[in-house]
Amino acid sequence: MAGNAHLDAYFSQARSDGVLVVKDLPKFDLDTYISGYTGRTQVDRLIHISTHSPPLAIEGLKLAIKLLKQTQDVPRFRLALDILRKISPEDAESAQDDAWIEKTSRKVASDTERIEIDLKSYKHNLIKESIRIGHEDLGNHLYASGDLVGAFKCYSRMRDFCTAPKHIVDMSMQAIKVCIEQGNYMTVQSHVVKIRNLTRGPDEEDLLRPKLCVAMGLTQLAAGDFRAAARSFLDCPPTLHNTYNEVITANDVATYGGLCALASMERTQLKTEVLDNVEFRNFLELEPRMRKAISFFHTAKYSNCLSILEESKNDFLLDIHLHRHANRLFELIRSKGIVQYFIPFSCVTLSSMAQAFATDEQTLEKELVVMIGKGALDARIDTKNRLLTAKETNLRSAVHHETLAVAQNYERLARMKLMRMNMIRAGLEVRGSKAPTSQVNTGIVHGQNSWPINLNAQRAERNWREFM
Amino acid sequence: MDKLVDSFLSFPSSQNISDSELNKQIQNHLALLNRTPAATLAYQHAGGDVLTLLDPSVNSLAYLYILVARIDLGQKNTLEVGWRQIVTFLESFNPKQVRCAQDIFRRLVDAFFSLATESGKPIIAVRPIKKAILRFNPTKFSFLHPLFLRLCLEAKCYRDAAAIVDIDIVEFPISAGKVTENSRAREITYQDVLTYFLYAGMIYMGIKEWRRAADYLTYAIVAPGTACSQIQIDAYKKYILVGLLLDGKSLPIPRSTAVAASRAYKALSRPYESFASAFKAGNPELLRTEVAQLVDVFRQDNNTGLAIQCLEAFRRMQIIALRDTYVTLSTEEISKKDLEVTGRGGDIGGKEGTEAVILGMIEREEISASLSHSHPNPEQSQTTVHFHNHPVDESRNLAALQVELRRIMTLNKQMKTINKKYGMSREFIQYMVKMAKMSGNSGLAGMAEPDPMDFDYGFNWPEDEPEEAIMQDLDDDM
């Protein structure tokens, strides 16, 4: 197949550019997966998958193009088409659809103009509510036609014309959505905080809380703060359902939350805060594999847990939010597994350990050396007998040692201070060759025999201040 | 002349008189000696040397004046002839008397010192000066201290010097402002003190006592003041290298360091910092490139020896670090880590070389480990290092604790005397009176004496507070 050559060329180029390429097929079915989402994120995810997974690239792009044709997002349509043309130039669908592009661009331009004129007239009339709606319309229009920066500006301008808390909430939610897509998580966080500080009715609260939780979770995930992210996702009420599909599905909440929890929590915490969490259970039921992995980890069957995760790793790597953190999360889960595995032992053979973690001894040894070096694992390796032994600590001698160190440090510090104090007292300060501006110092440098008494007194007094 | 000798002999009137009486006599005696021209003093008596009549431990002042007069008038050979007498004097003089004639004494010592160095045999002066220091109060800094250490460094008599530097200085002569009897004496300057600390650090480096060396260098580094001396910079550079030898990482700049000084350290010792961070990173390749760039810097600063010791220590420290990760490891694995950075070539980086290094470390008790060969034939044998657990050396720890306890108790005593002395000093009492006034009617006092210095320092001092508090604790504890 001729298309394959281009495909390979594209991805080997990508790989050399440092882009992650996932060779094997993920577990999910592309159509089902993508139908879980709505709005822009559908296309974003499709493009993400297409640029990272060779087997799904063509299918994904075609799907994206099909979806894009129903929108008015010209820039992204061009982007998707460009990639498709690079990957399989012979494909009939990769032909430039100039007619559509032209028609849509013209439509977008005229709509923009129309809405801007509307907005201007609202501004003349000085009706706050109309101006706000005008901005919002423009924002929505720009958002739909792919101008995220412009859209965000419009949403931000709404701020001055908000009269009710509801308006602020609306505005912030729009901004959050745009920012998540832009990857601008700092702003997401500030908007989330802004909404949380507002007073809301219980109905609104029910609707908003899940969204805010996941937005916060995504922010923390992006910042690499897995513990906080886990908390946020775990706190998310099950009322999320499909209400926020333009950003995240309930399945995603289960996956993100589960992985973050695995990477950052102790076994008992996993039990109490994840598996026994009534609200989060609703999410976990959507992702049975994740639930299994967590319960395996809790029951100390680390190899099962890791193999389940390993199976789904491609899914994670193709996820638009997770792919950057998947490897780090896996590493954390693994090393945490090793630490937990080793707790009850004083001595384990490397071979049995390698079995439990489904690797060979060499890789395991390297991993262990790194972990010990970082201080994550309190053990030593016996390379001759192929053993991992726990460090024996002798508390008594450790305390003696500590005491000695403290005492010596104490003496040293006191002596140092004393020396310094005595030097000041004896007038042995280090002085520059040029007399500094201060009057006191001039006295010391020049007037050894003739300095006035009051200078002497001043100097002495200053010294006292330093001592006390 | 005979009359003069009689009067020399009649002083002091008796061995056990009160201090004030003695002081009075010393003053009279000094007046007499200062009046007498040098020629008369240096005059060689026909019947025999005047000095043979005098006892240096009793008639110290006369003895001293005569010696100095002879040196002043005579040529070099006089000094050589009088060598024996000078040595006897230095070893047996009476400190109470000599203290009142510091400047004359210093002239004697300077002459003695220059003779010893110029003759190329500094070692001959080490012992007499050491005894002289010990005759005075060795915890009080004197001009002899830096001179002596310089002598020892030149003569490489580190052990002799260590006997002196082991004694911590707790007192400095009040240098400025105090008009005393010997105001003509050259004053101790801060350079003297800083050099002393630097030399003391170097003495300890010579006997590889890195901890004490670092302590002395710290004193130089934290010296108070508004500027930074080159001596301090040198001390800081050495301090970094000593830190590496001591801990494997550069020691921090102490908190009470003067601002100007710490800024200067940071600016002027950058190459050393980067060397230290390469050392700490434990990456031999990185360290090698650093060293290649820094050879000239080290040579310029005369720190090459110290740097080489650091490089030698690097491998040892890395091997010690392995103890935390491994129970057993073959020497082959260790040599593969390529820890040899001294660049001497040869076989020392190889398997056998590594084994030899480890063997040496075990013998010096740097690590607690054992080596075992897998096969009697050295050709096929694989050597394995077995790192033992951290040894339980309780008795040693306890002994060290005892020593430390005693040291702190001494320190505490010294601290109490100093506290008392300073508490009774005029300046302190004035300060307290003023403070009392200020707090009594602060508004009035503040307006009457608008002294900007007060406010300035008043705001400055709290940054040092936590450490100062420790010192007060010390008083409370015991």
Side-chain angles (χ1 to χ4, degrees), chain A residues 368-369 372-373 380-385 387 389 391-394 396-397 400-401 403-404 407-408 410-433 436 438-441 444 448-449 451 456-468, chain B residues 168-177 188 190 193-194 215 218-219 222-229 232 254 256 258 261 324-330 333 384 389-390 392-394 397-398 400-401 404-405 407-408 411 415 418 422 427-428 430-431 434 453 457-458 461 467-468 470-471 474:
Chain A
L368 289 176
V369 168
I372 295 170
R380 299 200 296 166
I381 300 168
D382 189 339
T383 50
K384 193 174 162 202
N385 305 319
L387 290 174
T389 44
K391 272 181 200 165
E392 288 170 33
T393 43
N394 184 334
R396 194 179 152 83
S397 85
H400 281 158
H401 206 75
T403 317
L404 189 61
Q408 281 171 345
Y410 182 58
E411 191 210 340
R412 215 169 9 253
L413 210 63
R415 281 235 178 263
M416 189 184 88
K417 283 274 164 190
L418 203 61
M419 195 70 87
R420 203 176 125 78
M421 181 165 127
N422 280 330
M423 280 174 78
I424 299 177
R425 160 95 177 132
L428 289 169
E429 289 111 324
V430 180
R431 287 160 224 132
S433 48
S438 146
Q439 187 196 7
V440 171
N441 282 317
I444 297 171
Q448 296 246 342
N449 300 319
W451 52 346
N456 193 357
Q458 251 185 32
R459 190 177 67 87
E461 202 176 295
R462 196 202 66 188
N463 291 346
W464 283 118
R465 256 178 246 282
E466 285 192 9
F467 297 156
M468 290 186 57
Chain B
D168 291 292
I169 299 281
V170 286
E171 239 183 302
F172 293 98
I174 304 290
S175 74
I188 302 287
Y190 71 86
V193 179
L194 292 179
D215 286 353
T218 318
Y219 297 152
V222 297
T226 51
C228 183
S229 157
Q232 287 179 290
S256 17
D324 293 331
T325 317
Y326 295 100
V327 180
T328 57
L329 196 64
S330 69
E333 290 277 331
T384 316
N389 276 321
H390 293 282
V392 188
D393 48 353
E394 195 163 300
N397 263 340
L398 283 180
L401 269 175
E404 194 53 44
L405 201 63
R407 286 179 64 90
I408 291 183
L411 179 69
M415 204 102 78
I418 292 172
Y422 283 14
E427 292 98 325
F428 181 69
Q430 275 177 356
Y431 172 74
K434 193 166 178 190
M453 297 304 296
Y457 286 95
W461 77 265
E467 284 178 48
E468 301 284 356
I470 289 177
M471 287 180 36
L474 204 79

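Lettering follows sequence order; numbering is per chain, from 1. Not measured: the values here are computed from a predicted model.
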- request: Check whether any side-chain heavy atom of A:Ile424 sits under 4.5 Å from a side-chain heavy atom of B:Phe172, and report yes or no.
  value: no
statement: OH of B:Tyr422 to CG of A:Asn422, rounded to nearest 0.5 Å, is 4.0 Å
query: Distance from B:Ile169 atom CD1 to A:Met419 atom CE, nearest 0.5 Å?
result: 6.5 Å
field: A:Ile372 versus chain B, the contacting section by heavy-atom distance below 4.5 Å
entry: side chain
field: Side-chain touch A:Met421/B:Ile418, heavy atoms, less than 4.5 angstrom
entry: yes
message: I need the minimum non-hydrogen distance between B:Leu411 and A:Ala414, along with the two atoms involved.
response: CD2-CB, 3.6 Å
field: Part of B:Thr384 lying under 4.5 Å from any heavy atom of chain A
entry: side chain
Gap separating the CZ atom of A:Arg380 from the CG atom of B:Asp324, nearest 0.5 angstrom: 8.0 Å
field: Sidechain N-carboxylate O distance under 4.0 Å for A:Arg415, B:Asp215
entry: no
statement: All heavy atoms of B:Thr328 vs all of A:Lys384, minimum pair found to be OG1-N, 2.8 Å
statement: A:Arg420 and B:Ser256 have their tightest heavy-atom pair at NH1-O, 3.1 Å
- prompt: With a 4.5 angstrom heavy-atom cut-off, which part of A:Thr403 approaches chain B: side chain, backbone, both or neither?
  reply: both
task: Sort B:Val193 into side chain, backbone, both or neither according to what part of it lies under 4.5 angstrom from a heavy atom of chain A.
output: side chain
- request: Kindly indicate whether the side chain of B:Asp168, heavy atoms from C-beta on, has any atom under 4.5 Å from the side chain of A:Leu418.
  value: no
